[in-house]
There are 2 protein chains.
Amino acid sequence: MTTAESGITGRSTYRHGDLRRALIEAGVELARDGGPSAVVLREATRRAGVSPNAAYRHFTDRQDLLDEVCGACQSFVALAIEAEQAKITDVPDPLEQAHQVLRAVGVGYLHFALAEPGLFQTAFSASPDMEEATNEERAGESGLTPFQLLTKAIDGVEAAGGIPPERRPGAEFLAWSAVHGLAILLIDGPLRGIDTELRDSLIQRVISMVEQGL
Amino acid sequence: MTTAESGITGRSTYRHGDLRRALIEAGVELARDGGPSAVVLREATRRAGVSPNAAYRHFTDRQDLLDEVCGACQSFVALAIEAEQAKITDVPDPLEQAHQVLRAVGVGYLHFALAEPGLFQTAFSASPDMEEATNEERAGESGLTPFQLLTKAIDGVEAAGGIPPERRPGAEFLAWSAVHGLAILLIDGPLRGIDTELRDSLIQRVISMVEQGL
DNA sequence: AAGGTTATGTATACGTTGTACACATAACAG
DNA sequence: CTGTTATGTGTACAACGTATACATAACCTT
């Protein structure tokens, strides 16, 4: 209706139309190759076809923009986890089912980290609060953030009797630690560029370690 | 002998005397509060009482300086681990002894991360290669880097029969993943500022998870 | 001891960044 | 139709990394 809705990126009018979203999307592309430090305010405005200071009408400063980009990246991680969980076919044993849901969290998480290292690093760079109750910007289809998906999966394992209740508190942190640590090792640690076969084997072993150690 | 050796920081002569080391030390202090991104070349030269471009006689660029600072930080981690290992009193059971050595790696690592988050983050920020054969700059008293100390500790556990040999390869990566992941959670993840008691409990549980899961 | 070579510092300059402040424009409300 | 306000631009500044040219003094050779 309004003149701003002309093209894919509003540009016929002097008002951008959806600059906030455009800047976040530009930021995401910058993060994709280059990680969080590549999310440069001026470059984002350049890509949005707008003057540098226009960004300050939508974000208080660069960090504020980066936080939004970070939120978008977290939602991508959530989507990757959900996609992995969607692959699961029903199995009779509820405990086995719950374990598969949990494993899907780790596998989806790690696959995303390897496929999109820049976005992954951005998702968890100085994240204000990884859990941050139900922030829709950081969630996937299910409306849950990556951390909430993990928590839910562990709840499922506990419900199926896979974890003694006295060891349930904090279990998500143990699981997250192991999987996230491996992600970092694989992305820019000494395991960077490792053989695919070895890599997948390590992924499986970390997840097994978590299952056993919970 | 030479005029440069006058004071703690050589400054009587126009030649600094030990500018390279001075810049690295300044960089370490910057990293201490502020992490890797706070290691700013101009500020380091300022603190060394020297013009900005003087740094380029000793480092090819800012990244090169940061790499050296990173190496220094890794050696601090190694020292923290060694200090923790030094606390161990001899026990009769060799397997128990080996486990204690391994646990000291994790405890020393995590305590250092909590005590000096800026240095810790710098130590493992874009580290070129965490293992990097016997780089003395990155080592502690023993001449071993943090990763080498971990590897040695796991070797000890295997020798004492704590790990089936077929699961030995790559075991150090599993251990490192879990401990490093927890460090990140505690430093700037959702576990930041957690209660001390809860924190120490999580540390113990992560280490137990590693021991069990290896 | 003298003088050339070289290591190590300084001076100046440029492009890039984040961001403050003043101003301009057009969408919208009355 | 006109004033308010949301959203853009223009200009400016300090800080950063770093390239290039130049200066100084430590050193090595004679």
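Just so you know, these numbers come straight off a predicted model, no measurement behind them. First the proteins, then the strands, lettered A, B, ... as listed; each starts at 1.
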Worksheet item: Can you list the steps and then say if Thr45(A) with Asn53(A) is a side-chain contact (heavy atoms from CB on, under 4.5 Å)?
Response: CA-CA 8 Å; Thr45(A) 61; Asn53(A) 285 354; over 6 Å; no
Practice prompt. Using the side-chain hydrogen bond (donor to acceptor under 3.5 Å, both in side chains) rule, take Gln204(A) and Asp200(A) through it: C-alpha gap first, then chi angles, then the decisive distance, then the call.
Written response: CA-CA 6 Å; Gln204(A) 294 303 319; Asp200(A) 290 343; over 6 Å; no
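In this structure, the nucleotide among dC16(D), dG9(C), dT9(D) sitting nearest to the side chain of Arg46(B) is dC16(D). Picking from dA21(D), dG18(C), dG17(D) the nucleotide with the shortest atom distance to the side chain of Tyr56(A) gives dG18(C). Nearest nucleotide to the side chain of Asn53(A), out of dT10(C), dT18(D), dA20(C): dA20(C).
The nearest whole Å value for the distance from the CZ atom in Arg62(A) to the P atom in dA20(C) is 15 Å. Leu23(A) has its CG atom 12 Å from the C1' atom of dT7(D), to the nearest Å. A straight line from CG of Leu66(A) to P of dG18(C) spans 11 Å, rounded to a whole angstrom. The distance between atom NE2 of His16(B) and atom C1' of dA26(D), rounded to the nearest whole Å, is 16 Å. The separation between Asp18(A) atom CG and dA6(D) atom C1' is 15 Å, rounded to whole Å. If you take CG of Asp64(B) and P of dG17(D), they are 14 Å apart, rounded to a whole angstrom.
Residues from residues 28-45 of chain B lying near DNA chain D, meaning a heavy-atom separation below 4.0 Å, are Val40(B), Leu41(B), Arg42(B) in numerical order.
The aromatic rings of Phe76(A) and Phe112(A) sit tilted, their planes meeting at an angle between 30° and 60°.
His180(A) has its ring centre no less than 6.0 Å from the ring centre of Phe173(A). Aromatic rings of Phe120(A) and Tyr109(A) (six-membered ring for Trp) have centroids within the 6.0 Å cut-off, being under it.
Mapping Arg57(B) and Gln63(B) onto DNA chain D via the closest heavy atom, the residue that lands nearer the 5' end is Gln63(B). Looking at which nucleotide of DNA chain C each of Ala55(B) and Asp61(A) is closest to, the 5′-most match is held by Ala55(B).
Taking side-chain N and O atoms only, His58(B) has a distance below 4.0 Å to OP1 or OP2 of dG9(C).
Each of Leu110(A), Leu114(A), Leu191(A) was compared with Arg199(A) under the side-chain contact (heavy atoms from CB on, under 4.5 Å) criterion, and only Leu114(A) meets it.
Taking a 6.0 Å sphere around CZ of Arg47(B), one finds it holds more than 12 heavy atoms contributed by other residues, nucleotides or ligands.
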